[in-house]
Amino acid sequence: MRKKTRTTASRLAKRRKAGAVGGKPARQRASSSTRRSAASGEAKAEIRRLKSELKRALSHIEELKASANTDFLLEIPNRRGFERLLNRAISYIQRYRAGGALIVLDVDRLKPINDAFGHAAGDQVLKAIVAVLSRQIRSSDVVGRLGGDEFALLLWNLTETDAHAKAASLEQAIDGLSFLFDGKTVTTGASAGVAILGPHSEAGRSLEEADCAMYVRKAQRRHEA
């Protein structure tokens, strides 16, 4: 019996020694596991935070890109944005043998309005003109501001005859606008030039063609007046 007791005690001593030398106590192992779990949780939280920051940064970049292509006052494409859309449209026309028209439109008498009544009055005129142009085109068409008092319209699937008729109707619609500033009724007008878009069109050359046609039309309107 004593021999058995000594043997059992010897085994227990060996186990305790082995535990002290070759392994960690259960409490220490549990503590280590807890630290690893906490570190893993912190890493996951940091990854989520970084992903959220990246998402916000990408969204901000897209907003900046959009603002770089948009006229701040009128909320339509500016010259840069319109030219990008025109290039895409011409690529589509060349690939699918589609057609379209480009109209460049210049507002008459905007500078005298700005000089006499201030730029807020001129801004009101520009907003009214954009509203008129937007009502005159389809949802697939595009109106953009090239700068100052000059606008451009990209119109899909119009014949040359239809494009010139549309340009004339735009002039008439803008000619019909009137404004009251400081008790005075003010009218404006517009001159429009047309370029037809086809498989051999180029954005820059088409804009120049429509711009030249617009100046010819402006001279005609002065003569008619």
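Quick note: residue numbers are just sequence positions, from 1. Given the structure is predicted, the values throughout are model-derived calculations rather than measurements.
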Please tell me if the side chains of [X] and [Y] come closer than 4.5 Å, counting only heavy atoms from C-beta onward.
| X | Y | answer |
| --- | --- | --- |
| L105 | L170 | yes |
| L180 | K184 | no |
| P77 | T70 | no |

Given the rule that I, L, V, M, F, W and Y join up when any side-chain heavy atoms are under 4.5 Å apart, are [X] and [Y] in one cluster?
| X | Y | value |
| --- | --- | --- |
| I129 | I113 | yes |
| I103 | F151 | yes |
| I76 | L126 | yes |
| V143 | L158 | yes |
| F82 | L73 | no |

N/O donor-acceptor pair under 3.5 Å between E150 side chain and D106 backbone: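 Checking the backbone N and O of D106 against the side chain of E150, no donor-acceptor pair under 3.5 Å is found.
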Is there a donor-acceptor pair under 3.5 Å between the side chain of N78 and the backbone N or O of R80?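 Yes; judged by distance alone, with no hydrogens or angles, the pair exists.
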Whether E83 and R88 form a salt bridge (side-chain N of Lys/Arg under 4.0 Å from carboxylate O of Asp/Glu) is what I want to check.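 Salt bridge: no.
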Under the side-chain hydrogen bond (donor to acceptor under 3.5 Å, both in side chains) rule, what pairs show up with a residue in residues 120-144, not counting sequence neighbours?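 As it turns out, the side-chain hydrogen bond (donor to acceptor under 3.5 Å, both in side chains) pairs with a partner in residues 120-144, which skip direct neighbours, are R138-D141.
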Sorted by first residue and then second, give each side-chain hydrogen bond (donor to acceptor under 3.5 Å, both in side chains) pair with at least one member in residues 196-211; sequence neighbours left out.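 Qualifying pairs: none.
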Heavy-atom closest pair, residues [X] and [Y]:
| X | Y | result |
| --- | --- | --- |
| I93 | G100 | CD1-N, 4.3 Å |
| I90 | A203 | CD1-N, 3.4 Å |
| R97 | P199 | NH1-CB, 3.3 Å |
| A167 | V194 | CB-CG2, 3.7 Å |
| D71 | L74 | OD2-N, 2.8 Å |
| A173 | V132 | CB-CG1, 3.5 Å |

Identify every side-chain donor-acceptor pair in residues 185-192 under 3.5 Å, counting partners at least two apart or on other chains, and give the distances.
{"unit_1": "T188", "atom_1": "OG1", "unit_2": "D108", "atom_2": "O", "d": "2.4"}
{"unit_1": "S191", "atom_1": "OG", "unit_2": "R221", "atom_2": "NE", "d": "3.3"}

How many angstroms lie between [atom1] in [X] and [atom2] in [Y], if you round to the nearest 0.5 Å?
| X | Y | atom1 | atom2 | result |
| --- | --- | --- | --- | --- |
| I137 | L133 | CD1 | CG | 7.0 Å |
| L102 | I196 | CG | CD1 | 9.0 Å |
| L155 | D162 | CG | CG | 10.5 Å |
| R109 | N114 | CZ | CG | 13.5 Å |

L86 and L207: side-chain contact (heavy atoms from CB on, under 4.5 Å), yes or no, with the steps? CA-CA 9 Å; L86 179 59; L207 279 168; 3.9 Å; yes
Excluding sequence neighbours, so at least two apart, what forms side-chain contact (heavy atoms from CB on, under 4.5 Å) with A89?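 With sequence neighbours excluded, A89 shows a side-chain contact (heavy atoms from CB on, under 4.5 Å) to L154, W156, given in chain and number order.
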Show every ring-ring contact (aromatic ring centres under 6.0 Å, His included) that has at least one partner inside residues 95-123, sequence neighbours left out.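 Found Y92-Y96, F117-F181.
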What residues, two or more places apart in sequence or in another chain, satisfy ring pair (Phe, Tyr, Trp, His ring centres under 6.0 Å) together with Y215?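 Result, ring pair (Phe, Tyr, Trp, His ring centres under 6.0 Å) vs Y215: none returned.
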